[in-house]
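Written out below as structure tokens is the structure these notes cover.
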There are 2 protein chains.
Amino acid sequence: MGRKLDDVLEGLGDATDLAGLTAAVYEMRDCYDVEHLVYHSVKSSGDQWAALTYDPTWVEDYTRNNLQTIDPVVLACFNRFTPVDWKRLDWSSRPARALLGEAVASGLGNQGFSLPIHGPSGHFAVFTVNHCSGDESWARFTGAHLNEILLAAHYINERALLIEGVGRGPNPSLSPRETDALTLLAAGRSRAQAAETLRISEHTLRVYIESARFKLGGTNTTHAVANALARGLICL
Amino acid sequence: MGRKLDDVLEGLGDATDLAGLTAAVYEMRDCYDVEHLVYHSVKSSGDQWAALTYDPTWVEDYTRNNLQTIDPVVLACFNRFTPVDWKRLDWSSRPARALLGEAVASGLGNQGFSLPIHGPSGHFAVFTVNHCSGDESWARFTGAHLNEILLAAHYINERALLIEGVGRGPNPSLSPRETDALTLLAAGRSRAQAAETLRISEHTLRVYIESARFKLGGTNTTHAVANALARGLICL
DNA sequence: GCGGCTCTCCCCATAAATGGGGAGGGAATA
DNA sequence: TATTCCCTCCCCATTTATGGGGAGAGCCGC
């Protein structure tokens, strides 16, 4: 493993908040001598936050207009596991072109690639490397450093999850029947169907749902199922 | 990067099916000189498949009894982003102890760690390294090779997704309002409450739920919410 | 400019889920 | 042994969700 990565990871160890993470991102940018680095955590609920080296004006603009909802980079990463080269994306739509134009005007380089990062419970983030150079030297750069950057993105996300406190408190333990009930409901069965599948009366099934809902602190069945799913207590 | 990883990645390039992937896993096991390696993809439908070096009898037993639903390793990985050392898990429950006993009886080593791998659309897999050794030498091994194995897991999953074709079936795209609706329902609101929050009529909200349900192929609201959650289209 | 999609609103009737009771037997645990 | 869960069953009435219609306005891409 290269010395560069080690340096970055060392700097990362001190990061206990967004400022620390940002510092680590800046340090990493200098290590690799690229224009910009971005760790961008996107929640589907619309919230987002980032540790990055972009111009604050651009960030403010991006945030205010919720540009992540039309950003081809974010959208592509959301459906992928493998890195995305910006050049290979579809920038033909009107809002995408506008986005690109504003980005370049704000000091972004012409080259970029982004790594999708998927976490538990639907957590999603993008790690982006941006630079200004010719296609050839850019290809050389990505070829030489992709693995290190992959690892760096992993560790930065690890740190980010720690800071964000994504790891929730301890999960309540569901009884087997409760798990069965919620699993079937999550799979689309109605209460009657689920009861039939489990060969118990619908009344009994209701008791399981109720107690599971109580344990999970859900206000209704859908809430309880969503909670159980997000906590990994059941899986589809 | 070490030669070991390069060897593995080279072998991986030829893998176009499960057999090829399994061959690569065997090759990697020999490279690192450990007892067992496992790539275990747990599909959201409950189906699962794996490329591994375990005893087929044990695999058959595991599969038949759906042991992944009680396997502390799988359950822990599902909620985490960081590697999981088996020794740190809670094996106190009866089924977990039984699982562990059977596993050891089937030739698994006493040491193991597993890497969670989260992909798009709620895809989830576990990459496990298993070995039989003392705590100290095991710690040395993990310290020395964690990064390489992290990368190897990444590339194996990349290959697995390619073979499975998971990456190509993109999620149905929900409209912003549909996302809002499902998010609020997942958070426990009733339709009336959600409509009030969004400042639209409940009738309108229903239309969003309906169309989202249709896009997601859900039989009812709970199913649709569970699907959206599992695919990462919404998050709690 | 047209077609497609999104967003918004409304009607009807029926099916389903919810809330809150009670009760007995069995298994595991402390 | 006593206690604490878990599993199973049933009653009531009420609220809520569902299924299947229709309709107009606005935005965007081709």
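Please read all numbers here as calculations on a predicted model, not as lab measurements. Residue numbers begin at 1 in each chain, while the letters A, B, ... track the order of the sequences.
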Could you check how far [atom1] of [X] sits from [atom2] of [N], rounded to whole Å?
X        : N      : atom1 : atom2 : value
B/His203 : C/dA13 : NE2   : P     : 15 Å
A/Phe214 : D/dC6  : CZ    : C1'   : 16 Å
A/Arg177 : D/dC5  : CZ    : C1'   : 16 Å
B/Leu205 : D/dA17 : CG    : P     : 9 Å
A/Arg199 : D/dC7  : CZ    : C1'   : 17 Å
B/Glu178 : C/dT8  : CD    : P     : 11 Å
B/Gln193 : D/dT16 : CD    : C1'   : 12 Å

Exercise. Quick one: do the B/Gln111 and B/Asp85 side chains pair a donor with an acceptor below 3.5 Å?
Worked result: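 No donor-acceptor contact under 3.5 Å links the two side chains.
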Heavy-atom closest pair, residues [X] and [Y]:
X        : Y        : value
B/Ile117 : B/Ala153 : CD1-O, 3.8 Å
B/Val42  : B/Val74  : CG2-CG1, 4.3 Å
B/Ala226 : A/Ala186 : CB-O, 3.6 Å

Exercise. Is any side-chain nitrogen or oxygen of A/Lys215 closer than 4.0 Å to OP1 or OP2 of D/dC6?
Worked result: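 Yes.
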Problem set entry | Contact under 4.0 Å: A/Ser201 side-chain N or O vs D/dT8 OP1/OP2 |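 So the side chain of A/Ser201 is outside the cut-off, no N or O lying under 4.0 Å from OP1 or OP2 of D/dT8.
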Problem set entry | Touch class at under 4.0 angstrom, heavy-atom based, for B/Ser175 against every strand present |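 The answer is sugar-phosphate, as B/Ser175 gets under 4.0 Å only of primed atoms, P, OP1 or OP2.
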Exercise. What string of B, S and - do you get for nucleotides 25-30 of chain D, 5' to 3', when a contact is any protein heavy atom under 4.0 Å?
Worked result: ----S-
For this session: Classify every nucleotide of nucleotides 17-27 of chain C by which part a protein heavy atom approaches to under 4.0 Å, writing B for the base, S for the sugar-phosphate alone and - for neither, in 5'-to-3' order.
Result: BBBB-------
Exercise. Do other residues, nucleotides or ligands put more than 12 heavy atoms under 6.0 Å from the CD atom of B/Gln193?
Worked result: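 Correct, the count exceeds 12.
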Exercise. Quick one: which of A/Leu146, A/Thr142, A/Ile149 gives a side-chain contact (heavy atoms from CB on, under 4.5 Å) with A/Val129?
Worked result: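 That would be A/Ile149.
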Problem set entry | For A/Val73, the option from A/Leu89, A/Leu99, A/Leu100 that meets side-chain contact (heavy atoms from CB on, under 4.5 Å) |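 The side-chain contact (heavy atoms from CB on, under 4.5 Å) with A/Val73 is passed solely by A/Leu89 among A/Leu89, A/Leu99, A/Leu100.
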For this session: Let me know which of A/Phe78, A/Tyr62, A/Phe124, A/Phe127 forms a ring-ring contact (aromatic ring centres under 6.0 Å, His included) with A/His40.
Result: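 By the ring-ring contact (aromatic ring centres under 6.0 Å, His included) criterion, A/His40 pairs with just one of A/Phe78, A/Tyr62, A/Phe124, A/Phe127: A/Tyr62.
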Problem set entry | Pair A/Arg64 + A/Glu60: basic N to acidic O under 4.0 Å |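 Answer for the salt bridge query: yes.
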Exercise. Which nucleotide in the list C/dC9, C/dC7, D/dT8 gets nearest to the side chain of A/Tyr208?
Worked result: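 Among C/dC9, C/dC7, D/dT8, the one nearest the side chain of A/Tyr208 is D/dT8.
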Exercise. Among C/dC11, C/dC7, D/dC9, which nucleotide sits nearest the side chain of B/Pro176?
Worked result: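 For the B/Pro176 side chain, the nearest candidate turns out to be C/dC7.
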